[in-house]
Number of protein chains: 2
Amino acid sequence: MALEHAILVSLLEKPASGYELARRFDRSIGYFWTATHQQIYRVLKRMEDDGWVDARDVPQQGRPDKKEYSVADLGRAALSSWLHDPIEPESVRHDLAVKIRGAAFDDPAALIREVERHRQAHRDRLAHYLAGETRDFTGPEASAAGAKAPLDAERELQHVVLRGGVAYERMMIDWLDDVLATLARFGPDR
Amino acid sequence: MALEHAILVSLLEKPASGYELARRFDRSIGYFWTATHQQIYRVLKRMEDDGWVDARDVPQQGRPDKKEYSVADLGRAALSSWLHDPIEPESVRHDLAVKIRGAAFDDPAALIREVERHRQAHRDRLAHYLAGETRDFTGPEASAAGAKAPLDAERELQHVVLRGGVAYERMMIDWLDDVLATLARFGPDR
DNA sequence: TCCTGCTATGCAACTCGTTGCATAGCAAGC
DNA sequence: GCTTGCTATGCAACGAGTTGCATAGCAGGA
């Protein structure tokens with residue numbers, strides 16, 4: 001269970017309300033961790049009760065007030081402790097692989113459109129990542145940041161995680177091409 | 001939710017008891033879908049109640065009796081229906097990426113051992129996959145299967161899923177090398 | 001004026017997944 | 001004879017995740 005920790009990291013990068021966190025989980029953080037606003041509100045409340053985060057009411061003009069959360073000392077300690085925990089074996093859940101093996105007992109050709117849809121989704125995400133990389137990690141901004149802090153850990157680590165996302169999407173696209181070629185061999189017969 | 005469907009696919013490949021299924025989920029199926037024996041027994045009971053699978057008591061010598069399940073017509077229909085459903089957007093949960101971004105607010109160097117452990121786990125899994133590929137999908141066996149059925153969908157589709165696993169592990173190993181190189185840059189200062 | 005849509009927070013109910021525990025037969029070794 | 005360990009099945013409790021719904025302020029357009 002790491003939703004708490006993902007929230008702590010996100011709040012350390014920048015304090016936010018539950019709503020803002022939910023939107024981050026649709027974007028940057030969401031690339032490697034998903035969560036709905038329900039989970040986020042529930043967990044935020046628990047974290048506030050446990051003293052992991054501090055809440056602050058922020059009046060806004062033109063929109064409802066919000067509760068902005070920031071990380072408290074206890075939260076920082078909890079994150080640190082989790083980071084030093086050598087756990088995690090890595091579990092996988094890949095529906096598409098189940099479908100592909102299942103297709104042997106149904107119509108393999110019927111899966112082609114589905115796989116093509118997935119491939120397109122991965123292409124879109126790859127394009128999105130690459131655009132983000134160009135925007136945030138290359139050119140004058142990168143140099144400016146470099147001048148400001150030659151070894152900016154936060155930035156560098158965000159970049160290496162993004163590179164992981166890029167590598168993942170590229171791998172998936174290549175593999176789905178392989179899957180499509182395999183499925184095509186079963187197309188004519190049935 | 002696709003545990004039912006993963007079980008259906010596995011039972012179509014070969015009928016099995018709950019216990020045997022649980023062991024498959026530690027091996028071949030487990031490479032892209034995990035499940036404990038608790039989930040499996042619970043879901044099998046529901047599937048039996050729904051008429052998706054048939055149960056058969058099998059007395060054994062030297063060990064307790066088992067209940068062997070096989071897929072019923074209703075189960076086959078349910079699987080087929082699921083296969084034709086164009087759902088699934090693909091959600092991700094990657095603890096290690098959270099840890100890496102979190103390391104910016106702690107000691108980046110402390111993560112090195114953890115990342116190395118993960119890299120080793122992925123290397124082990126890659127070696128395991130490659131051994132399985134050599135065993136099941138190359139050499140005389142493959143030719144024999146080829147002679148028996150020039151387009152054996154079940155086998156081909158199992159192979160392409162395995163190739164996906166191989167591609168994934170290779171990608172992860174490369175990425176973790178990248179992560180280690182990045183973390184190393186923050187090692188000396190702290 | 002009313003409707004749509006975005007920001008912002010939350011409850012309730014349900015399903016899914018995990019963990020700890022219990023039972024029971026039999027085999028092998030000390 | 002006792003313990004350990006594997007096969008085989010299952011209950012109970014809890015925690016995590018999903019879905020549907022509710023509320024409320026305000027903006028903008030028909």
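Sequence lines set the chain letters: A, B, ... in the order given, protein chains first and strands last, and positions in each chain run from 1. Keep in mind that the numbers below use all heavy atoms, side chains included, and drop hydrogens, waters and symmetry copies. Small disclaimer: the values here were computed from a predicted structure and weren't measured.
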Nearest-Å distance, [atom1] ([X]) to [atom2] ([N])?
X: A:L3; N: D:dG17; atom1: CG; atom2: C1'; value: 10 Å
X: B:M47; N: D:dT9; atom1: CE; atom2: P; value: 15 Å
X: A:Q60; N: D:dA27; atom1: CD; atom2: C1'; value: 15 Å
X: B:Q39; N: C:dT15; atom1: CD; atom2: P; value: 16 Å
X: A:R46; N: C:dG10; atom1: CZ; atom2: P; value: 15 Å
X: B:Y41; N: C:dT18; atom1: OH; atom2: C1'; value: 17 Å
X: B:E68; N: D:dT7; atom1: CD; atom2: C1'; value: 15 Å
X: B:D95; N: D:dA16; atom1: CG; atom2: P; value: 13 Å

Does a side-chain N-to-carboxylate-O contact under 4.0 Å join [X] and [Y]?
X: B:R101; Y: A:E13; result: yes
X: B:E114; Y: B:R117; result: yes
X: B:K66; Y: B:E20; result: yes

With the threshold set at under 4.0 Å for non-hydrogen atoms, list the residues of residues 48-56 of chain A touching DNA chain D in residue-number order.
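The answer is none.
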
From [options], nucleotide with atom closest to [X] side chain:
X: B:H37; options: D:dG10, C:dT9, C:dA24; result: D:dG10
X: B:K45; options: D:dG10, C:dT18, D:dA8; result: D:dG10
X: B:R93; options: C:dG17, D:dG17, C:dC16; result: D:dG17
X: B:K67; options: C:dC16, D:dT9, C:dG10; result: D:dT9

State which residues pass side chain to side chain donor-acceptor pair (under 3.5 Å) with A:S80; sequence neighbours excluded, sorted by chain then number.
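Testing A:S80 for side chain to side chain donor-acceptor pair (under 3.5 Å), a comparison that skips the adjacent residues, returns B:D106.
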
Under-3.5 Å donor-acceptor pair between B:R42 side chain and C:dT19 base
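Under the 3.5 Å cut-off, the side chain and the base do not form any donor-acceptor pair.
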
For the base of C:dG10, is there a side-chain donor-acceptor partner from A:Q38 under 3.5 Å away?
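By the distance-only test, yes, there is a pair.
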
Could you list the donor-acceptor pairs under 3.5 angstrom formed between side-chain atoms of residues 159-168 of chain A and any protein atom two or more places apart in sequence or on another chain?
residue: A:H159; atom: ND1; partner: A:R163; partner atom: NH1; Å: 3.4
residue: A:H159; atom: NE2; partner: A:E133; partner atom: OE2; Å: 2.7
residue: A:R163; atom: NE; partner: B:D178; partner atom: OD2; Å: 2.8
residue: A:R163; atom: NH2; partner: B:D178; partner atom: OD1; Å: 2.9
residue: A:R163; atom: NH2; partner: B:D178; partner atom: OD2; Å: 3.4
residue: A:R163; atom: NH2; partner: B:T182; partner atom: OG1; Å: 3.3

Can you pull out the residues from residues 9-23 of chain A that lie within a 4.0 Å heavy-atom distance of DNA chain C?
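Those residues whose heavy atoms fall under 4.0 Å from DNA chain C, taken from residues 9-23 of chain A in numerical order, are A:S17, A:G18, A:Y19, A:R23.
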
ring-ring contact (aromatic ring centres under 6.0 Å, His included) against A:F25, all qualifying residues, sequence neighbours excluded
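ring-ring contact (aromatic ring centres under 6.0 Å, His included) list for A:F25, sorted by chain: empty.
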
Using ring-ring contact (aromatic ring centres under 6.0 Å, His included) as the criterion, list what pairs up with B:H122, not counting sequence neighbours.
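With sequence neighbours excluded, B:H122 shows a ring-ring contact (aromatic ring centres under 6.0 Å, His included) to no residue whatsoever.
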
Where the side chain of A:E156 meets the backbone of A:A153, is there a donor-acceptor pair that is under 3.5 Å apart?
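Not confirmed, A:E156 side chain does not pair with A:A153 backbone.
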
With distance as the sole test, does A:T134 use its side chain to make a donor-acceptor pair with the main-chain N or O of A:L130 at under 3.5 Å?
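A pair under 3.5 Å: yes.
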
Report yes if a side-chain nitrogen or oxygen of B:K66 is closer than 4.0 Å to either non-bridging phosphate oxygen (OP1 or OP2) of C:dA24; otherwise report no.
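Checking C:dA24 against B:K66, no side-chain N or O comes under 4.0 Å of OP1 or OP2.
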
Between A:T36 and B:Y69, name the one whose nearest nucleotide on DNA chain D is closer to the 5' end.
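Result of the comparison: B:Y69.
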
Hey, what's the ring geometry for A:Y31 with A:H128, parallel, tilted or perpendicular (30° and 60° as the breaks)?
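The arrangement is perpendicular - the two ring planes meet at more than 60°.
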
